[in-house]
Student: 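Got a structure here, written out as structure tokens. Questions coming.
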Amino acid sequence: MESGLAVVDKVGGRSTLTRCFAKYPLKLISPTKVGSCKSDVVWVYMVSFGGGMVSGDHVSCAMSVGDDCTAVLTTQASTKVYRAVDSKSSDQSLQVRVGCNALVAVLPHPVTCFATAKYKQKQVFSVSRSSSLVVVDWVTSGRYECGEKWAFNSYNSTNHIISNEDQQPLLLDSLVLEQGSSMKGTYGMQDYQVIAMIILLGHKFEHVQNEIQEKVKKKMSEEFGMRLTSKRQHDRDMKPDLTYGRSRPELIASCSTFGPKDAGLVIRVAATTTGLVYKFLKEHLASLEPLLGASPYY
């Protein structure tokens, strides 16, 4: 049985939360007013008792968003995963069904795993050809300002997008980080403390996809073009160069398309601080505000 369930349907011509259920250790909150009162959007917040997930917690949440409805699923703060006790992991699963011409945005704050923590999550999204979906999935290295950098035992995040019509997979993605590899405790992340993935799918996001691809391409071309120029200058003059001396950019990003006719877009980001990713999300998802009734990240 699910730890939480939320159902959004059209009632009186507006998106309405018609069913909402949650039990420990999960709580679902749906404020009556988020953003503009003219917006037709239901916002649902996932909250953990105690401010995070303790060792052995298992959370299973389901959400159904009916035809022509709009819903946002988010969190109030980062999802903290506390230390593993007796090697018990903390597990979380989410299943979301998106109706015809419906829009769903899953916009959580990052997962932050404490040292020795074990965390596993699986998110499955069932969509129709006319559905629109945006998903943000991101994780920090832990309490890196306290010296805990990629010190958790394991992290596993899986995202599946499945077609409602024929049950064919549109996207299958999995990220696994485990201790005991040749990377030691850093997973080969070097100075990067945050990794993120943003998924955009559907006709309502076409303009956003094109805009993000152009911005990312331009930013990365400028960043790496500048470094290549600095390297050539350094090789020619054999003089110290501050720009060339920097080992890596503070933020790197890439884009790739997926699905029939490249209808979906995946953006992957790595950054040295959480603040840089918040800034990236705020900038690149700002154009979603008219659709969601409020800024996704502020």
Side-chain angles (χ1 to χ4, degrees), residues 2 4-8 15 41-44 46 59-75 79 91-111 119-139 155-176 195-213 216 253-269 281 284-285 287-288 291-292 296-297:
E2 292 93 353
L5 172 66
V7 178
V8 178
S15 301
V41 187
V42 172
W43 283 67
V44 179
M46 298 178 66
V59 174
S60 176
C61 186
M63 187 176 198
S64 176
V65 179
D67 298 349
D68 302 310
C69 293
T70 301
V72 178
L73 185 63
T74 185
T75 58
T79 299
D91 302 334
Q92 183 165 279
S93 67
L94 173 66
Q95 293 201 22
V96 179
R97 182 189 177 281
V98 189
C100 297
N101 201 41
L103 187 159
V104 171
V106 180
L107 306 171
H109 295 273
V111 174
Y119 178 73
K120 183 176 182 180
Q121 74 172 20
K122 183 175 183 179
Q123 302 184 140
V124 179
F125 305 94
S126 299
V127 300
S128 71
R129 291 186 179 91
S130 59
S131 300
S132 294
L133 175 70
V134 54
V135 179
V136 176
D137 184 18
W138 51 321
V139 59
Y155 173 88
N156 186 325
S157 178
T158 301
N159 289 281
H160 290 178
I161 301 179
I162 310 295
S163 169
N164 276 336
E165 285 82 7
D166 54 16
Q167 299 303 304
Q168 290 298 310
L170 302 179
L171 176 71
L172 303 176
D173 185 90
S174 184
L175 171 65
V176 179
I195 50 177
M197 179 175 70
I198 304 103
I199 302 170
L200 291 161
L201 174 67
H203 66 279
K204 293 182 180 180
F205 296 140
E206 286 180 1
H207 68 291
V208 182
Q209 293 180 32
N210 296 332
E211 182 180 286
I212 291 177
Q213 288 189 81
V216 169
S254 67
C255 296
S256 58
T257 58
F258 70 91
K261 299 181 181 180
D262 294 332
L265 179 70
V266 175
I267 307 103
R268 301 184 190 275
V269 181
L281 293 171
H284 291 82
L285 299 183
S287 55
L288 299 184
L291 296 172
L292 306 181
Y297 295 95

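Computed from a prediction, not measured in an experiment: that's the story for all the values here. The first residue in the sequence is number 1, and the count goes up from there.
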Student: Working to the nearest 0.5 angstrom, can you tell me the gap between L285 CG and I212 CD1?
Tutor: 5.5 Å
Student: Do you know the tightest heavy-atom contact between W43 and L292?
Tutor: NE1-O, 3.0 Å
Student: Do the side chains of Y297 and V136 get nearer than 4.5 Å, heavy atoms only?
Tutor: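 Contact flag for V136/Y297 side chains = yes.
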Student: L107 and T74: which non-hydrogen atoms are nearest, and at how many Å?
Tutor: O-OG1, 2.6 Å
Student: I'd like to know whether Q167 forms a side chain to side chain contact (heavy atoms under 4.5 Å, CB included) with I162, so could you lay out the CA-CA distance, the side-chain angles of the two residues, the decisive distance to 0.1 Å, and finally the verdict.
Tutor: CA-CA 6 Å; Q167 299 303 304; I162 310 295; 4.0 Å; yes
Student: Tell me, please, which residues at least two apart from Y119 pass ring pair (Phe, Tyr, Trp, His ring centres under 6.0 Å).
Tutor: Y155
Student: Show me, pair by pair, the donor-acceptor contacts under 3.5 angstrom made by side chains of residues 91-104, not counting sequence neighbours?
Tutor:
| residue | atom | partner | partner atom | Å |
| --- | --- | --- | --- | --- |
| D91 | OD1 | S89 | OG | 3.0 |
| D91 | OD2 | H58 | ND1 | 3.1 |
| S93 | OG | S60 | OG | 3.3 |
| N101 | ND2 | D68 | OD1 | 3.0 |

Student: Do the side chain of S15 and the main chain of T70 share a donor and acceptor less than 3.5 angstrom apart?
Tutor: yes
Student: Does some side-chain heavy atom of T79 sit less than 4.5 Å from a side-chain heavy atom of H109?
Tutor: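 When only atoms from C-beta onward are counted, T79 and H109 do not touch, as no gap falls below 4.5 Å.
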Student: Counting N and O atoms only, with roles assigned by atom type, does the side chain of Q123 sit under 3.5 Å from a partner on the main chain of I161, one being a donor and the other an acceptor?
Tutor: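 Not a single qualifying donor-acceptor pair exists.
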Student: Are M46 and P108 close enough that some pair of their side-chain heavy atoms sits under 4.5 Å apart?
Tutor: no
Student: About how many Å separate CD1 of I199 and CG of N159, when rounded to the nearest 0.5 Å?
Tutor: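 So the CG of N159 and the CD1 of I199 are separated by 4.5 Å.
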Student: For a quick test of reading the model, state the closest non-hydrogen atom pair linking G264 to Q209 and the distance between them.
Tutor: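 So the two residues come closest at C-OE1, 4.0 Å.
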Student: Measuring from atom CG of L175 to atom CG of D137, what distance do you get when rounded to the nearest 0.5 angstrom?
Tutor: 8.0 Å
Student: Salt-bridge test for R268 and D173: reply yes if a basic N is under 4.0 Å from a carboxylate O, no otherwise.
Tutor: yes
Student: Give a yes or no on whether the backbone of I198 and the side-chain of W138 come within a donor-acceptor separation of less than 3.5 Å.
Tutor: no
Student: Would you say that M197 contacts I267 through its side chain, given a criterion of any heavy-atom pair below 4.5 Å between the two side chains?
Tutor: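 Side-chain contact under 4.5 Å: no.
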Student: Taking all heavy atoms of L200 and all of F258, pick out the closest pair and write down the distance.
Tutor: O-CE2, 4.2 Å
Student: Report yes if some heavy atom in the side chain of L170 is under 4.5 Å from a heavy atom in the side chain of P260; otherwise report no.
Tutor: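 Contact flag for L170/P260 side chains = yes.
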Student: Taking atom CZ of R129 and atom OG of S163, what is their separation to the nearest 0.5 Å?
Tutor: 6.0 Å
Student: Find the distance between NE2 (H207) and OG (S287) and round it off to the nearest 0.5 Å.
Tutor: 4.5 Å
Student: Do F205 and L288 have side chains that get closer than 4.5 Å, going by heavy atoms?
Tutor: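 Result yes, sub-4.5 Å side-chain heavy-atom pair found.
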Student: Are any of the side-chain heavy atoms of V269 and I195 separated by less than 4.5 Å?
Tutor: no
Student: Distance check, rounded to the nearest 0.5 Å: L172 atom CG versus T158 atom OG1?
Tutor: 9.5 Å
Student: Q213 versus L265: any side-chain heavy-atom pair under 4.5 Å?
Tutor: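 Answer yes - side chains close enough.
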Student: Excluding sequence neighbours, so at least two apart, what forms salt bridge (Lys or Arg N to Asp or Glu O under 4.0 Å) with E206?
Tutor: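 If we apply the salt bridge (Lys or Arg N to Asp or Glu O under 4.0 Å) test to E206, skipping adjacent residues, there are no hits.
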